[in-house]
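Reminder, nothing fancy here: chain letters follow the sequence lines and each chain counts from 1.
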Amino acid sequence: MILPLHARLRSQITSVIQSLYDLGTESIPPIVVEQPPNRRFGDLAVTIAFELARRLKKPPRLIAQEISEAAGDLKEFGRLHPTGAGYLNVFLDRAALTRDGLGKPQPAPQTQALKIIVEHTAINPNKAAHVGHLRNATLGDTLCRLLRFRGTSVEVQNYIDDTGVQVADVVVGFRELEHQNIEDIKQLTDKPGFDYYCWDLYARVTTWYEENDNRLSHRRTALEDLEHGIDPSASIARIVTDKIVRCHLNTMARLDVEYDLLSWEGDILRLAFWDRAFEVLKSSGAVFLQQGGRLSGCWVMPIGDTAVEVAGDEESDLDPETRLKVIVRSNGTVTYVGKDIAYQLWKFGLLGLDFNYRWFGRQPSGRPLWATSSDTTPNSAKQVPPPAFGHAEGVYNVIDTRQSYLQDLLAQALEAMDHPLAAERSVHFSYEMVALSRATAQALGHLDLTLDNGKPFVEVSGRKGLGVKADDLLNQVTDRAESEVSSRHADLSPETRREIATQIATAAIRYFMIKFSRSKVIAFDIDEALSFEGETGPYLQYATVRARRILEKLENRDGIELHNRLEELASTSSDSLTASAGDGLWDLILESSRLDEIAEQSVRSLELSTLAKYTFGLAQKFNGFYHSSPVIGEPNAGTRLWRAAGVKIFATQMTKALQLMGCQVPERM
RNA sequence: GCGCGUGUAGCUCAGUUGGAUAGAGCAACCGCCUCCUAAGCGGUAGGCCCCUGGUUCGAAUCCAGGCACGCGCGCCA
């Protein structure tokens, strides 16, 4: 792992600069350590001379020279080589770093006491999950893995909006279109495919509303019934949402996505979280009662629009009310933003109220899953007590970019309630939506060429039933993988082939969801997602499997177990690691060691594609090495040993990187 | 109208918070399975980094102004 090395290099250079120039510690700019574009320049590059050029009013090239001369031979790094316009490059002790990489795995970074809550998935529990939800869950889950990798303790929450319009619509569907009673619906939930059934029903309800506007009154009634727990609608909703949530959990489990807590909106209502939040909002002056005008009788929050404030002009044509956000309607009901404020306060432990909790089930990995509850009867003594949820130091809300405006309001509300720290630590992890490529939309019969507007993609719409269901996609990809595995490894048992196919499918889908920048709309293309060649998850797995097979065979033939051969490596000529060896072995080792640096960068920028691109590039390096440099067949014992060491380091780091992306390494491919 | 985002090879996208020769994948074309798995590798071809100006040792990257596209802006969630 390379970050500690960076830190040591930085501190040594800092002392050199301090002794050389009259600069306080604070006025030394941060020392950036980069990768030189070409290995012949060095193993690491430092750009500090460029940073200092302005301050010292000297050319960077000269500064680099001065630093290099003053530094002499640095401990562990040797000379600083001034090159180019002012880079300072170092060559590392390659043999030592390679031996370190093989040594006992370093202890995981200590878990910090502070806890981070990550909220993701949050699918309306009224229909099957689709590809857009997969992007959310994959990003959210990968973020959690990265945070834990860095030693942060993470609590994963999945928000269940069980009292919203979408659920109300499906309730209306069961009652008004299907005329089903509670018993009928219960029977339906016992059959497979209930989420698919609701997918269609939801689309039918939408059409049914469109045929006659008066029918929308059914939605209003149902919505009120849900909020106030009035049967039969409330009971129907409870049965439907419980089943759909379990369907979603099953879908996500297929991608190795798990949670700690399901937060049900209904509990927020029943436990009167909102009432408490409302008191705080009022007493802090964050909201006020609007009198007169269009919003008369509403409790509103002023929206801080910096652009408007800076302009400062009278803006006479701009309605001042457009800068007010309604939090409580004139009929006394609370809006979505209001409920969200209450929930966010609870996450930080700032609400002064807590949920009750109920056991929801054990997930495939064995991890317990809890759900919030508003049942006040105490848990039976036999039951395990729930962990302490909430009270986070920071919160990531993984929600698509269309909700940026609302997420912004949320932070503003916290600020207005005199919780600036919580506001600052409420991070909206935003990402663009998943749409359908033209080809895929057409294949699904969703692209009407007569109405073709020439857009490069077609937006998914759950309301219209337009989209690719997550389980359909998973099934297709898994089947495809299974036939590939079968054609290559007929000797494996059907169970093993299926298991491998599942691992491949997971990697294919998860990698696909991670590899794009979060600010890019994904035009989902089924053929692209089904491909296992080029920049795909299976490519990464394949490289890792190959590396493992080499090590396996080597152990069987030569009995080489690398961690037992460290001393032998120390006394073996490391010529294989020099540039003149020309096989990219050292490049492979150095690049493998950068995983911690990349993980750090990915979290800092919330750009998980960085991790994906790095892992892909690393796999490419290995494949190049694989073709140029035989390991088992290498006659020179020393060269063979060093190469084996490189393969081992690669396999170890690659396995970790894949784990971070929620992917496993199949035993064969 | 206002806000946010995007514009890089035929297509889909990277480009390390201003750095060394702008890179991948797909598609196209040409090669490589007696050799650790060809889900692989090598090679060829393909670029006014949307436009114009500015900032400086240096700009695809930062600033200003345009252009194009997407999303958001409700007493919906």
OP1 or OP2 of B/rC41 sitting under 4.0 Å from any side-chain N/O of A/Y539?
yes
Looking only at side-chain atoms of A/E459, point me to the closest of B/rC71, B/rC36, B/rC75.
B/rC71
Checking B/rC75, B/rA20, B/rU37 against the side chain of A/T83 (C-beta onward), the nearest is B/rA20
Whole-Å distance separating the CD atom of A/Q35 from the C1' atom of B/rU17
16 Å
Counter-base of B/rG40, judged by Watson-Crick or G-U geometry with both distances under 3.5 Å:
B/rC32
For RNA chain B, the residues among residues 507-525 of chain A that have a non-hydrogen atom under 4.0 Å from it:
A/F516, A/S517, A/S519, A/K520, A/V521
Classify the side chain of A/T401 and the base of B/rC71 as holding, or not holding, a donor-acceptor pair under 3.5 Å.
no
Using a 4.0 Å heavy-atom cut-off across all strands, classify A/P630 as base, sugar-phosphate, or nothing.
base
Please check: side-chain N/O of A/R488 versus main-chain N/O of A/M669, any donor-acceptor pairing under 3.5 Å?
no
Is the distance from the ring center of A/F524 to that of A/F457 below 6.0 Å?
no
Looking across every strand, which nucleic acid part, if any, lies under 4.0 Å from A/V545 by heavy atom: base, sugar-phosphate, or nothing?
base
Under 4.0 angstrom between A/N623 side-chain N/O and B/rC41 OP1 or OP2:
yes
Give a yes/no on whether any side-chain N or O of A/Q620 is located under 4.0 angstrom from OP1 or OP2 of B/rG25.
yes
Opposite nucleotide pairing with B/rA68, Watson-Crick or G-U, both atom distances under 3.5 Å:
B/rU6
Counting heavy atoms from C-beta on, name the nucleotide in B/rU21, B/rG72, B/rU37 closest to the side chain of A/Y626.
B/rU37
How far, in whole Å, is B/rC67 from B/rU52 if one measures between their C1' atoms?
11 Å
Nearest to side-chain heavy atoms of A/M669, which nucleotide of B/rA24, B/rU37, B/rA77:
B/rU37
A/R488 side-chain N/O to B/rG40 phosphate OP1/OP2 under 4.0 Å
no
May I ask you to check whether A/Y539 and A/F532 place their ring centres under 6.0 Å from each other?
no
Can you check whether A/R219 has a side-chain N or O nearer than 4.0 Å to OP1 or OP2 of B/rC76?
no
Hey, is the side chain of A/R546 poking within less than 4.0 Å of OP1 or OP2 on B/rA38, counting only N and O atoms?
yes
Watson-Crick or G-U wobble mate for B/rU12, both contacts under 3.5 Å:
B/rA24
Test: salt bridge (Lys or Arg N to Asp or Glu O under 4.0 Å). Region: residues 599-622 of chain A. Which pairs qualify, not counting sequence neighbours?
A/R150-A/E600, A/E535-A/K613
Of the listed nucleotides (B/rA77, B/rU21, B/rG40), which one gets closest to any side-chain atom of A/Y542?
B/rG40
Would you indicate what A/R61 reaches in the nucleic acid, counting non-hydrogen atoms under 4.0 angstrom: base, sugar-phosphate, or nothing?
nothing
Within 45 degrees of the ring normal and closer than 6.0 Å to the centroid, is that where the cationic atom of A/R135 sits relative to A/Y431?
no
Between A/W264 and A/Y159 (judged by ring centroids, cut-off 6.0 Å), do the two rings come close enough to count as a pair?
no
Of B/rA20, B/rU12, B/rA24, the nucleotide closest to the side chain of A/P37 is B/rA20
Searching all strands shown, indicate the nucleotide that pairs with B/rC62 (Watson-Crick or G-U wobble; both distances under 3.5 Å).
B/rG54
Specify whether A/H248 and A/H133 have parallel, tilted or perpendicular ring planes, treating 30° as the upper limit for parallel and 60° as the lower limit for perpendicular.
tilted
Does the ring of A/Y626 carry A/R546 above it, NZ/CZ under 6.0 angstrom from centre and within 45° of its axis?
yes
Could you please name the option among B/rC71, B/rA39, B/rA77 that lies closest to any side-chain atom of A/P538?
B/rA39
Regarding the side chain of A/K613, the nearest nucleotide among B/rA77, B/rC13, B/rA20 is B/rC13
Side chain of A/V631, heavy atoms from C-beta onward: which of B/rC75, B/rC36, B/rU16 has the nearest atom to it?
B/rC36
Indicate, with yes or no, if the rings of A/H81 and A/F41 have centres closer together than 6.0 Å.
no
Return the nearest nucleotide to the side chain of A/R40; candidates are B/rU21, B/rU16, B/rA77.
B/rU21
